[in-house]
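For reference, the structure discussed in these notes is given below.
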Number of protein chains: 2
Amino acid sequence: MSLRYGILGFLSKWEASGYDIKREFDDVMSVFWHSHLSQIYPELNKLEKEELISSELVPQAGKPDKKVYTITRKGREWLMNWLLAPPEAPKMKDVFLMQTFFMDNIPVGEVLLKLQMYKKERQQRLDKMREIIQIRWESIKERNVMKARILMSTAVLKRGMEQEIQYIKWCEETIRLVEACKNLWGKEEAAQTQNTYAETEHAEVPFPTAVSFSEVEDIFLEYFGDLIDDKGRNR
Amino acid sequence: MSLRYGILGFLSKWEASGYDIKREFDDVMSVFWHSHLSQIYPELNKLEKEELISSELVPQAGKPDKKVYTITRKGREWLMNWLLAPPEAPKMKDVFLMQTFFMDNIPVGEVLLKLQMYKKERQQRLDKMREIIQIRWESIKERNVMKARILMSTAVLKRGMEQEIQYIKWCEETIRLVEACKNLWGKEEAAQTQNTYAETEHAEVPFPTAVSFSEVEDIFLEYFGDLIDDKGRNR
DNA sequence: TAGCCCATGTAATGAGTTACATGATTCA
DNA sequence: TGAATCATGTAACTCATTACATGGGCTA
């Protein structure tokens with residue numbers, strides 16, 4: 001239900017074809033949304049049938065024809081009503097965090113590798129955002145104009161960048177934590193065997209490689225910083 | 001494709017019914033995933049047919065019967081293969097950021113209200129996580145055991161908490177930014193009219209309430225901190 | 001000449017949500 | 001007595017992804 005508002009929102013400022021909209025979803029809007037052309041085209045046709053947008057065929061030299069869409073008054077009304085509605089509860093879906101949560105099932109070496117790979121993934125997203133914001137920044141300064149749309153879109157870009165920076169930092173910190181607690185995984189070659197016996201673990205039988213908490217308490221407290229309220233402890 | 005691994009991952013440590021799994025998705029696992037019972041039940045049946053899990057009916061006193069699932073060897077193999085596969089590229093879907101991006105279409109007063117409401121939403125998530133981590137922290141200290149699973153799940157919880165803290169901070173900063181740039185929206189009553197003319201905007205016709213950038217440059221630079229590389233400027 | 005960019009789609013499949021259906025116990 | 005919790009599901013629908021289809025122009 002949100003894709004259509006992403007389209008209406010974009011068309012509220014610029015006329016565009018499905019292909020143009022996809023380009024935007026891959027560029028600035030990738031901070032908060034992603035979509036395939038095969039979803040955008042049918043949605044555009046649906047929006048036109050509902051008279052929220054209208055289209056015009058524009059011939060191009062040396063390129064295929066374009067179907068350029070324009071938002072209608074009704075479309076603007078729908079967009080505004082959506083914008084004024086109370087915000088939805090955030091619905092988390094983070095595949096990488098899910099994997100991390102279950103990484104006790106694979107050897108430590110693999111855990112560290114995955115964290116490093118993911119850090120790179122996030123670094124690339126950040127680099128892309130930095131580029132986008134740099135270009136926009138120069139353009140704003142050059143044209144010397146500020147508008148509400150520019151303000152809000154840069155605010156969103158800031159949020160995106162902060163998110164990537166913090167995710168990268170978390171990867172680094174977690175790599176350090178895992179390295180400091182390597183022994184919890186036991187020998188790498190034994191990992192397969194360990195897992196086979198893990199099903200008895202819920203009955204409070206200690207895991208072969210479990211250690212007493214006090215051994216790692218300091219590492220833990222440092223990792224968490226002030227996120228934990230550690231009452232009854234003298235430090 | 002990830003829900004099934006969320007289920008397998010959970011069952012890799014504890015035997016559980018569909019209802020139990022749902023409870024977990026609403027609790028600790030809500031940091032990175034959410035799912036409905038009407039999706040979990042059919043998935044469990046599918047997993048059983050594929051022999052990745054097996055079930056046993058457990059009668060209960062004063063409560064309906066439970067269908068308790070156990071992961072099979074084949075299920076563990078599938079889980080491990082998924083965990084060892086290279087991480088997927090993150091797929092962003094943040095409805096609130098999408099709305100924020102297009103908030104030039106509604107009055108400033110409404111923009112500020114929405115940012116405040118969303119901040120509260122995130123604050124509630126944070127409070128819930130704090131509670132969860134506090135309970136786990138006490139339990140770890142009491143039992144005095146540390147295992148790889150505990151390590152990784154707390155790392156994920158940390159990430160979740162950081163995310164909420166930073167989102168809240170971003171809301172606050174953005175509220176301040178919007179307040180400082182209120183005039184970009186013009187009079188609230190005029191908002192409807194403004195939007196009607198916005199379609200001519202792509203032709204570089206300045207927006208009625210546009211101001212020169214230099215007027216807000218300092219506010220902007222403060223908002224961004226060191227996120228922008230502002231070359232050729234003396235500060 | 002192979003592969004990418006432009007441009008628009010359809011079809012099949014998979015994932016996710018909302019509504020409906022049932023029925024016992026427990027708590028206010 | 002009504003609402004919430006426990007417990008398992010089906011059906012209808014919407015949303016999202018992957019694969020397929022077409023075809024001209026540009027670039028290495």
Side-chain angles (χ1 to χ4, degrees), chain A residues 1-8 11 15-27 29-30 32-50 52-69 82 88-95 98, chain B residues 1-8 15-27 29-30 32-50 53-69 82 88-95 98:
Chain A
M1 198 70 304
S2 296
L3 170 64
R4 70 180 328 157
Y5 295 107
I7 293 172
L8 288 176
L11 293 179
E15 297 183 336
S17 68
Y19 203 82
D20 293 333
I21 292 166
K22 167 62 175 165
R23 220 191 275 109
E24 205 62 19
F25 273 116
D26 290 341
D27 193 59
M29 279 161 76
S30 72
F32 56 80
W33 211 260
H34 68 101
S35 195
H36 297 263
L37 273 170
S38 54
Q39 199 188 358
I40 292 167
Y41 286 126
E43 191 62 46
L44 283 167
N45 287 324
K46 247 170 81 186
L47 286 168
E48 194 173 14
K49 255 178 228 153
E50 294 175 44
L52 304 177
I53 57 174
S54 64
S55 72
E56 199 194 345
L57 259 169
V58 177
Q60 291 185 116
K63 285 179 188 177
D65 290 1
K66 254 189 178 195
K67 212 165 152 187
V68 175
Y69 291 93
W82 176 71
E88 286 181 38
K91 284 170 192 169
M92 283 296 143
K93 292 239 160 161
D94 188 321
V95 182
M98 184 188 266
Chain B
M1 197 76 297
S2 296
L3 170 64
R4 71 180 327 154
Y5 294 108
I7 294 172
L8 288 176
E15 296 183 338
S17 67
Y19 203 81
D20 293 333
I21 291 165
K22 167 63 174 164
R23 221 191 273 108
E24 205 61 19
F25 273 116
D26 290 342
D27 194 59
M29 279 161 74
S30 71
F32 55 82
W33 212 260
H34 68 101
S35 195
H36 297 262
L37 274 170
S38 54
Q39 200 187 359
I40 292 167
Y41 286 125
E43 191 62 45
L44 283 167
N45 287 324
K46 247 170 80 185
L47 286 168
E48 194 174 15
K49 254 178 229 153
E50 294 175 44
I53 57 175
S54 64
S55 72
E56 198 193 347
L57 259 169
V58 177
Q60 291 184 115
K63 284 180 189 176
D65 290 2
K66 255 189 179 198
K67 213 165 151 187
V68 174
Y69 290 94
W82 176 70
E88 285 180 38
K91 284 169 193 170
M92 282 297 142
K93 292 236 161 163
D94 187 322
V95 182
M98 184 189 266

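Sequence lines set the chain letters: A, B, ... in the order given, protein chains first and strands last, and positions in each chain run from 1. Predicted model only: the values in this text are computed from it and were never measured. Computed over heavy atoms, backbone and side chain alike; hydrogens, waters and symmetry mates excluded.
- Between the CE atom in Met92(A) and the NE2 atom in His34(B) there is a gap of 9.0 Å [rounded to 0.5 Å].
- Residue Ile40(A) holds its CD1 atom at 5.5 Å from CZ of Phe25(A), rounded to the nearest 0.5 Å.
- The separation between Leu57(A) atom CG and dC6(C) atom P is 19 Å, rounded to whole Å.
- The minimum heavy-atom distance linking Leu3(B) with Ser35(B) is given by the pair CD1-OG, 3.6 Å.
- Residue Arg23(B) is classed as a sugar-phosphate contact, given heavy-atom separations below 4.0 Å to backbone atoms only.
- Put simply, Gln60(A) has no side-chain N or O that comes within less than 4.0 Å of OP1 or OP2 on dC6(C).
- Rounded to whole angstrom, the span from the CD atom of Glu50(B) across to the P atom of dG14(C) amounts to 11 Å.
- Along DNA chain C, the nucleotide nearest Gly18(A) and the nucleotide nearest Trp33(B) are compared for position; the residue whose nucleotide lies closer to the 5' end is Gly18(A).
- To the nearest 0.5 Å, the span separating OH on Tyr19(B) from CG on Leu37(B) amounts to 7.0 Å.
- Atoms CD1 and CG, on Ile7(B) and Leu44(B) in that order, are 4.5 Å from each other to the nearest 0.5 Å.
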With a cut-off of 3.5 Å and sequence neighbours excluded, list every side-chain donor-acceptor pair involving residues 53-63 of chain A.
unit_1   : atom_1 : unit_2   : atom_2 : d
Ser55(A) : OG     : Glu48(A) : OE2    : 2.7
Gln60(A) : NE2    : Pro64(A) : O      : 2.8

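- Look at CD on Glu24(A): it is 14 Å from P on dC6(C), rounded to the nearest Å.
- Within the helix from dT1(C)-dA28(D) to dA28(C)-dT1(D), the inter-axis angle between the opening and closing five-pair segments is 40°, rounded to 10°.
- With sequence neighbours left out, Asp26(A) forms a salt bridge (charged side-chain N to carboxylate O under 4.0 Å, His left out) with Lys22(A).
- A salt bridge is absent between Glu15(B) and Lys66(B); no separation between the charged side-chain nitrogens and carboxylate oxygens falls under 4.0 Å.
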Q: Quick one, give me the B/S/- string for nucleotides 22-28 of chain C, reading 5' to 3', where B means a protein heavy atom under 4.0 Å from the base and S means that only happens at the primed atoms, P, OP1 or OP2.
A: -B-S---
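- Closest of all the heavy-atom pairs between Leu11(A) and Ala16(A) is CD2-N, 3.6 Å.
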**Q.** CA sep, side-chain torsions, deciding dist, call: Arg4(A), Glu50(A), side-chain contact (heavy atoms from CB on, under 4.5 Å)
**A.** CA-CA 12 Å; Arg4(A) 70 180 328 157; Glu50(A) 294 175 44; 3.0 Å; yes
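- Bracketed by its first and final contacts, the part of DNA chain D lying under 4.0 Å from non-hydrogen atoms of chain A reaches from dC15(D) to dG25(D) in 5' to 3' order.
- One can place NZ of Lys91(B) at 12 Å from C1' of dG14(C), the figure rounded to the nearest angstrom.
- For the pair Tyr5(B) and Met98(A), the tightest heavy-atom approach, listed with the atom from each and the gap, is C-SD, 4.4 Å.
- Whole-Å rounding puts the Leu3(B) CG to dA15(C) C1' distance at 9 Å.
- Of all heavy-atom pairs between Ser2(A) and Val95(B), the closest is OG-CG2, 3.7 Å.
- Rounded to an integer number of Å, the gap from Tyr19(A) OH to dC4(C) P is 12 Å.
- Heavy-atom distances under 4.0 Å link DNA chain C to His36(B), Ser38(B), Gln39(B) of residues 35-44 of chain B, given in residue order.
- Within the model, atoms NZ of Lys49(B) and NZ of Lys46(B) stand 9.5 Å from one another, a figure rounded to the nearest 0.5 Å.
- Side-chain N or O atoms of Asp27(A) include none that pairs as donor or acceptor with a backbone N or O of Glu24(A) at under 3.5 Å.
- For the pair Lys22(A) and dC6(C), the criterion of a side-chain N or O lying under 4.0 Å from OP1 or OP2 is not met.
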